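Here's the structure, in structure tokens; my notes come after.
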Amino acid sequence: MLVTAAFRASRLSSSSLSRVSGLSASAATAVSSTANPTSPTPPFPPSSSSPAVRHLSDWRSPLSHRAAVRSSAAVAERFERSFSSMATRNAYEGILTPLSKPGGGEFGKYYSLPALNDPRIDRLPYSIRILLESAIRNCDNFQVKPKDVEKIVDWENTSPKQVEIPFKPARVLLQDFTGVPAVVDLACMRDAMNRLGGDSNKINPLVPVDLVIDHSVQVDVARSENAVQANMELEFSRNKERFGFLKWGSNAFHNMLVVPPGSGIVHQVNLEYLGRVVFNRDGLLYPDSVVGTDSHTTMIDGLGVAGWGVGGIEAEAAMLGQPMSMVLPGVVGFRLSGRLKDGVTATDLVLTVTQILRKHGVVGKFVEFYGEGMSELSLADRATIANMSPEYGATMGFFPVDHVTLQYLKLTGRSEETVAMIESYLRANKMFVDYSEVFEVLPDSLLLQKFGMWVPHDRVTLKDMKADWHSCLDNKVGFKGFAVPKESQNKVADFSFHGKPAQIKHGDVVIAAITSCTNTSNPSVMLGAALVAKKACELGLEVKPWIKTSLAPGSGVVKKYLEKSDLQKYLNQLGFHIVGYGCTTCIGNSGDLDEAVAAAISENDIIASAVLSGNRNFEGRVHPLTRANYLASPPLVVAYALAGTVNIDFDKEPIGTGKDGKDVYFRDIWPSNEEIAEVVQSSVLPDMFKGTYEAITKGNPMWNQLSVPSGTLYSWDPTSTYIHEPPYFKDMTMSPPGPHGVKNAYCLLNFGDSITTDHISPAGSIHKDSPAAKYLMDRGVVRKDFNSYGSRRGNDEIMARGTFANIRIVNKLLKGEVGPKTIHIPSGEKLSVFDAALKYKSEGHDTIILAGAEYGSGSSRDWAAKGPMLQAGFELSSTGVKAVIAKSFERIHRSNLVGMGIIPLCFKSGEDAETLGLTGHEQYNIDLPSSVSEIKPGQDVTVTTDNGKSFTCTVRFDTEVELEYFNHGGILPYVIRNLIGSKQDYYEGNPNSTTETTTGIDR
């Protein structure tokens, strides 16, 4: 299929686009080279009032999306204002319209966009229509005003101007790594409300919150029929306290559903079960929309539900009914046509789309897919493309609802009545797409390259893989560089595995994992992997016994259709037994390697490889001992496990030797699209989904046996190493602290480009020599019970010690040494980052961080902002990291820094620490006005150093609301002061706090 990639954007000629996408100029049709941003532009949806969707202007990017309360003119007025205005009569009640059922009666009422009789609405992209409906429905003249609605209606003219709008998502999605700290914060906020004389019951979700426990299962046991049960028992043993805390939260807080461990991966459960598409709450119908504390929340965009990732602190504000303050986004259209070439998987498709969009530049924008090819793209394939939105930089990769969506809803067990309601509502409100079934199939020469393995920011095709691997061995240490001397590149390390001789070389695969939300929700690639296994087994191929193979499906449905197809036995024969239902290797929960394998790697400095069907493979994330980590489709994971190495050219070299003694090649085990389609058609059935999700609502024996305390206030255990009361509100008063500058600060760390949230706040294993390990051992926790940083996110003491604890982090102050240490500038002493931060604190010094481009890329991780703020003393008033100066920031991380009161600053274009001659040994001063009213979003400030340097930076407070956060010392203190200042029961009359009818979700 595809990718004609007809971007709806200017400044790209047809010929330049063909160079980007690898298509011919004739294939890359309908791209305008010039456009007037303020002139009327055609919409995505065809309408009688608009021309064909071919020539479009530059659909501009928002600077960021962030959770927020709309700022009022004066702080005092805001606190005195009664929340009674929240129940103000909606200015658009006149367009409330009944929605009739086909057989008589009505589904409910809805705010009708056609009833506005405004021709501009017909020209809005579908994704923007969802923002418009939300603004109309929530228009209370307080948090959302008619002028906000007008901004969205006039999107063609307002979006290029970076205007700010409020958005209230329909629900919030959490997984347990981010959900535990969110519930900890809510519990802590209740305590703060009590201490400050407020009503703690105001700290309650006003919108539905779905929390899926999926990030705690580890691959401790693999290659075993008993792996699922054994790993779940270990999971509960390690995480009993965390799980009990979440179970308490599900009882103590309203509107919170907790999906127990062992149910599946959050995004697959969201797609197959939680996604409503259209809500029906007490007879009011409106589109489903969601923000989630995981960057791959965008997977739900494939279902036509607007969703994207936010930081945990932003999600908490959204739970409490605060509208998100966001810049009205620009939209990029991506035209799809044709169908996939035989042998090309959905994973290959998404990697190609990702490469095209990264080159085009869509950071912060909505990408909306359209075109004749949509009819040929399955919902699972759409979800795979939408899932990778963070990798191509877009806020959303959105697929409007069409007949394919309705078919999927029926397949996954949604009731006929629910599907009928969804279709009726979306058609009535002009949010449903009818695509032509007739379209031109592009010639094969214009289709995708065949297969691909990928590391972040780089895609490698199979035919180039071997040459690329040898380049990696030669390149200097860094991204895709290991600097292995030529004479050592063919080194062979001998070891004994379970009493038998074995060997390992550079590039040998030691982990092969079918895992991750990106792929396990897609039956075509999962059954494709099983067909590869079947063909390999029939030819007599085997996987080396020391390779840690695993299969972690995203839901129990996968097990059912693998068994129905009679293919699971072939995966088992190759060692790909099901190990659990959750996010495993992709998040770093790969478990230990066999001791003999680990020793052979460590003692011989082997560059070992992992191949996984994930979406993240940042250095140090997958496993501490695998330095070469590749992402691939599930069928390719099986193929590389069979080959045992990434140092292979699949086109020319055999993958192994068959039982007849003949060479077996890649082409011999690769299934055709027809073979895959046939088994999908016969094996994936609606009853599988119904049965699976009926079962998870009943929990499992281990979850049901957890005893939890009652009461709405949590009883903190001071001896707990999992759940600890954070100090965010320790010295909080009703008076905001006001803005702060930076004086005589030392540089704690000096980074280059692409420092990820995994570098800043690791999720994986806790190293035995780390400050966090010392903290645990001092409290009697033995090493085998350390668990992971991700599982310890409910304890601020551990997470502060784990900040910048990634074993692969590169700090320029160390002059080439790799690891979680830094130089204490005044003394020249080399210390762990945590110990250096404490030393600066004891001396009364602030600290800053210097960084390059894309600082904070990767997973949406609020601890990557909380950690630096808390690291030097656990008090908001203490010294610590006060500012980060970078070339650019990842969208979510920048807003998280603001939410924790840390100043994000950007170097001017063409400048960075190196061009300015900054070494990190200077002391830094950043002067900001003492009154927040004197600071403007995006203004320039001067930074000076003690050695006479001076340079200008842009302050990345992007909206007035973010300035209010900064004024209050962060978003959470801001929310608490607002809630205490309200004079009305926060829940009286709030339209979002009512119960959801059963037609909204088939539970």
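Since this is a predicted model, take the numbers as computed values, not measurements.
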Rounded distance [0.5 Å steps], [atom1] in [X] versus [atom2] in [Y]:
{"X": "E417", "Y": "S424", "atom1": "CD", "atom2": "OG", "value": "10.5 Å"}
{"X": "S613", "Y": "L636", "atom1": "OG", "atom2": "CG", "value": "10.5 Å"}
{"X": "I203", "Y": "M319", "atom1": "CD1", "atom2": "CE", "value": "11.5 Å"}
{"X": "H215", "Y": "S791", "atom1": "NE2", "atom2": "OG", "value": "12.0 Å"}
{"X": "E106", "Y": "K101", "atom1": "CD", "atom2": "NZ", "value": "9.0 Å"}
{"X": "S683", "Y": "E678", "atom1": "OG", "atom2": "CD", "value": "9.5 Å"}

Q: For the residue pair Y714 and F245, categorise the inter-ring angle as parallel (less than 30°), tilted (30 to 60°) or perpendicular (more than 60°).
A: perpendicular
Q) How are the rings of F369 and F399 set relative to one another: parallel (under 30°), tilted (30 to 60°) or perpendicular (over 60°)? A)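 Plane angle under 30°, so parallel.
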Quick one: closest heavy-atom pair of [X] and [Y], and the distance?
{"X": "G554", "Y": "V269", "answer": "O-CG2, 4.3 Å"}
{"X": "L174", "Y": "A182", "answer": "CD1-CB, 4.4 Å"}
{"X": "A512", "Y": "A641", "answer": "CB-CB, 3.7 Å"}
{"X": "W863", "Y": "R793", "answer": "NE1-O, 3.0 Å"}
{"X": "F398", "Y": "D301", "answer": "CA-CB, 3.9 Å"}
{"X": "A230", "Y": "V221", "answer": "CB-CG2, 3.8 Å"}

Hey, does the side chain of [X] reach the backbone of [Y] with a donor-acceptor pair shorter than 3.5 angstrom?
{"X": "K410", "Y": "E416", "answer": "no"}
{"X": "S263", "Y": "P260", "answer": "yes"}
{"X": "S389", "Y": "G397", "answer": "yes"}
{"X": "Q268", "Y": "I265", "answer": "no"}
{"X": "S565", "Y": "Y561", "answer": "yes"}
{"X": "S289", "Y": "P169", "answer": "no"}
{"X": "R223", "Y": "I547", "answer": "yes"}
{"X": "K247", "Y": "V708", "answer": "no"}

Answer whether the closest heavy-atom distance between the side chains of [X] and [Y] falls below 4.5 Å.
{"X": "L551", "Y": "Q568", "answer": "yes"}
{"X": "F279", "Y": "L284", "answer": "no"}
{"X": "P553", "Y": "I578", "answer": "yes"}
{"X": "V579", "Y": "V228", "answer": "no"}
{"X": "K564", "Y": "M688", "answer": "yes"}
{"X": "L379", "Y": "L411", "answer": "no"}
{"X": "N204", "Y": "R190", "answer": "yes"}
{"X": "S720", "Y": "E241", "answer": "yes"}

Q | Sole residue of V401, T405, D288, T412 in side chain to side chain contact (heavy atoms under 4.5 Å, CB included) with L303 | A | T405
Q. Can you list the steps and then say if K534 with E538 is a salt bridge (Lys or Arg N to Asp or Glu O under 4.0 Å)?
A. CA-CA 6 Å; K534 178 177 184 291; E538 289 173 344; 2.7 Å; yes
What I want to check is whether the side chains of [X] and [Y] have a donor and an acceptor closer together than 3.5 Å.
{"X": "H296", "Y": "E391", "answer": "yes"}
{"X": "N522", "Y": "S524", "answer": "yes"}
{"X": "S216", "Y": "D176", "answer": "yes"}

Q: Determine, for D402 against R382, whether the closest basic-nitrogen to carboxylate-oxygen distance falls under 4.0 angstrom.
A: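 Salt bridge: yes.
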Q) Checking side chain to side chain donor-acceptor pair (under 3.5 Å) against Q175, which of D294, N270, T293, D210 comes through? A)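 Of D294, N270, T293, D210, side chain to side chain donor-acceptor pair (under 3.5 Å) with Q175 is met by D294 alone.
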Can you confirm whether more than 12 heavy atoms, excluding those of [X], are under 6.0 Å from its [atom1] atom?
{"X": "D592", "atom1": "CG", "value": "no"}
{"X": "K535", "atom1": "NZ", "value": "yes"}
{"X": "E674", "atom1": "CD", "value": "yes"}

(Q) Aromatic contact between W248 and F243, with the criterion being ring centroids under 6.0 Å apart: yes or no? (A)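 Between W248 and F243, the centre distance exceeds or equals 6.0 Å.
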Q.
With a 6.0 Å cut-off on the ring centroids, do Y425 and Y110 count as close?
A.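 Under 6.0 Å, so yes.
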Q | Working for side-chain hydrogen bond (donor to acceptor under 3.5 Å, both in side chains), residues N239 and N787 | A | CA-CA 8 Å; N239 297 284; N787 215 328; 3.1 Å; yes
(Q) Can you confirm if the NZ or CZ of R792 lies within 45° of the ring axis of Y722 and under 6.0 Å from the centre of its six-membered ring? (A) yes
